[in-house]
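Take a look at the structure below.
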Amino acid sequence: MFRRKSRGDAIFDIANHALLFLMVLVVLYPLYFSFIASFSNPQAIYQGRVIFLPADITFSGYQKIFSNDSIWRSYGNSILYTAVGTCFNLIFTIPLAFALSRKELPLCGLYMKLATFTMYFYGGIIPLYFVVKNLKLLDSMWALIWPTVIATYNMIIARSFFLGNIPEDLKEAAFLDGCGYIRFFFSIALPLSKSLIAVMALFYGARHWNGYFEALIYMNSETKFPLQLILRTILIDSQASLAMTEDATTVADKQQLVDLLKYGCVIVSSVPMLIVYPFVQKHFVKGVMIGAVKG
């Protein structure tokens, strides 16, 4: 038998749903607006006619973006960097988190303190650049992967997941059957951590895909630039061309093209993550929230 909701409960549910709807709207509308504005006439945007639907549809911005051969090459570079970088992140982060979740590990507390120390104290960009340079990683894919192969925050989340979701009784039973730590990790702990792996892959993958600052510092060859850096270059070149134009009519036309490029670049760079996210979304709450309960 279901208990009938009181008037107060009904009001609370309505207010709760209304608040959640507003929060979703605030988060999603900017992306939706960028999407419809990317193929709307900028003049219609200035006039406030692009709110929920596009107006005076034009694809000149996308034509400008995709007519650039470097876009397709940089897309391949970003996919390669993201795939390889995420794999290395998982290979190093997950085993380290599992090892640090074992309280019988000698000096486990000291290792955690040292790892946490790096979250608050950072050497800076210049020392890191010289480290990468001395390792001869400049202008290579590995300059974007090795310096960030382990994110301390992600490692702590993974460690908390193992602490909260791998019972000691399970470990003791496995060890009674002759299982060692390595086999226990690969045969028992890892298969039980699919949601954690999915969330870690999402975190690391999004960071690699959206990152451009490291490439800006370490990359010299344009053929090796990731997508974000190429899009940045296109925008800067378009704005520089606009600054050198003197004719008022031409300036207005180029300004509209620059605005289209801005919105188009947002969409072009966001589409892959929007495609991937639904496949890991079901693991998101389970992988993060359960691991966040215990430290």
Side-chain angles (χ1 to χ4, degrees), residues 79-122 131 135 137 141-142 144-211 272-273 275-295:
I79 292 173
L80 175 64
Y81 300 160
T82 301
V84 175
T86 302
C87 287
F88 273 85
N89 290 139
L90 295 177
I91 289 172
F92 281 87
T93 301
I94 301 297
L96 176 62
F98 174 76
L100 293 177
S101 69
R102 302 296 91 197
K103 296 180 180 179
E104 60 271 24
L105 175 70
L107 303 177
C108 176
L110 176 61
Y111 295 145
M112 278 303 303
K113 288 183 175 64
L114 291 175
T116 306
F117 179 85
T118 63
M119 295 178 64
Y120 299 98
F121 298 94
Y122 174 57
V131 169
L135 291 175
L137 298 178
M141 173 180 67
W142 304 110
L144 309 180
I145 295 174
W146 286 122
T148 57
V149 73
I150 295 178
T152 305
Y153 178 76
N154 291 344
M155 185 274 293
I156 292 175
I157 290 178
R159 174 180 177 270
S160 299
F161 182 92
F162 286 123
L163 285 172
N165 295 275
I166 306 298
E168 285 295 315
D169 295 342
L170 184 62
K171 188 201 77 171
E172 292 174 2
F175 276 49
L176 286 175
D177 291 334
C179 185
Y181 280 106
I182 296 179
R183 185 175 178 184
F184 177 76
F185 172 72
F186 284 104
S187 300
I188 299 176
L190 210 56
L192 294 175
S193 308
K194 293 179 181 178
S195 58
L196 171 68
I197 295 172
V199 172
M200 289 293 104
L202 176 63
F203 283 177
Y204 280 121
R207 186 188 185 285
H208 283 294
W209 182 265
N210 293 322
M273 286 293 103
I275 294 174
V276 171
Y277 182 77
F279 294 99
V280 298
Q281 187 271 339
K282 64 180 180 180
H283 300 289
F284 189 81
V285 175
K286 182 179 179 182
V288 177
M289 296 306 295
I290 292 179
V293 172
K294 296 182 180 180

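At most 12 heavy atoms of other shown residues, nucleotides or ligands fall within 6.0 angstrom of atom OH in Tyr153. For Tyr122, the OH atom counts as densely surrounded, since its 6.0 Å shell holds more than 12 non-hydrogen atoms of other residues, nucleotides or ligands. Other residues, nucleotides and ligands contribute more than 12 heavy atoms inside 6.0 Å of the CG atom of Leu110.
Annotation for Tyr181 and Lys171: closest pair OH-NZ, 4.2 Å, computed over non-hydrogen atoms. For the residue pair Phe184 and Ala174, the shortest heavy atom distance occurs at CD1-CB, 3.8 Å. Heavy atoms only, all atoms of each residue included: Pro191 and Phe186 are closest at CD-O, 3.4 Å. Heavy-atom minimum distance, Phe161 versus Ser193: CE2-OG, 3.7 Å. Arg102 and Cys108 get closest at one heavy-atom pair: O-SG, 4.0 Å. Arg159 and Leu100 make their closest contact through NE-O, 3.0 Å (heavy atoms, listed as atom of the first residue, atom of the second, distance).
Taking CD1 of Ile188 as the reference point, atom CD1 of Ile166 lies at 8.5 Å (rounded to 0.5 Å). With rounding to the nearest 0.5 angstrom, the CD atom of Glu172 is 13.0 Å from the SG atom of Cys179. Distance CZ/Arg207 to CG/Asn154: 9.5 Å, rounded to 0.5 Å. Atom OH in Tyr111 sits 8.5 Å away from atom CG in Leu114 (nearest 0.5 Å).
Put simply, the side chain of Phe98 reaches to within 4.5 Å of the side chain of Ser101, judged on heavy atoms. Looking only at side-chain heavy atoms (C-beta outward), Leu190 and Ile94 come within less than 4.5 Å of each other.
Pairs engaging residues 80-93 under the side chain to side chain donor-acceptor pair (under 3.5 Å) rule: Asn89-His208, Thr93-Tyr204 [sequence neighbours left out]. Sorted pairs that involve residues 106-120 and meet salt bridge (charged side-chain N to carboxylate O under 4.0 Å, His left out), not counting sequence neighbours, are lacking altogether.
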> For Leu192 and Leu170, what are the C-alpha separation, side-chain angles and deciding distance, and is it a side chain to side chain contact (heavy atoms under 4.5 Å, CB included)?
Replying inline: CA-CA 12 Å; Leu192 294 175; Leu170 184 62; 3.8 Å; yes
>> Using side chain to side chain contact (heavy atoms under 4.5 Å, CB included), reason through Val84 and Trp142 one step at a time and then give a plain yes or no.
In response: CA-CA 9 Å; Val84 175; Trp142 304 110; 4.1 Å; yes
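By the 4.0 Å N-to-carboxylate-O rule, Glu168 lies too far from Lys103 to be salt-bridged with it.
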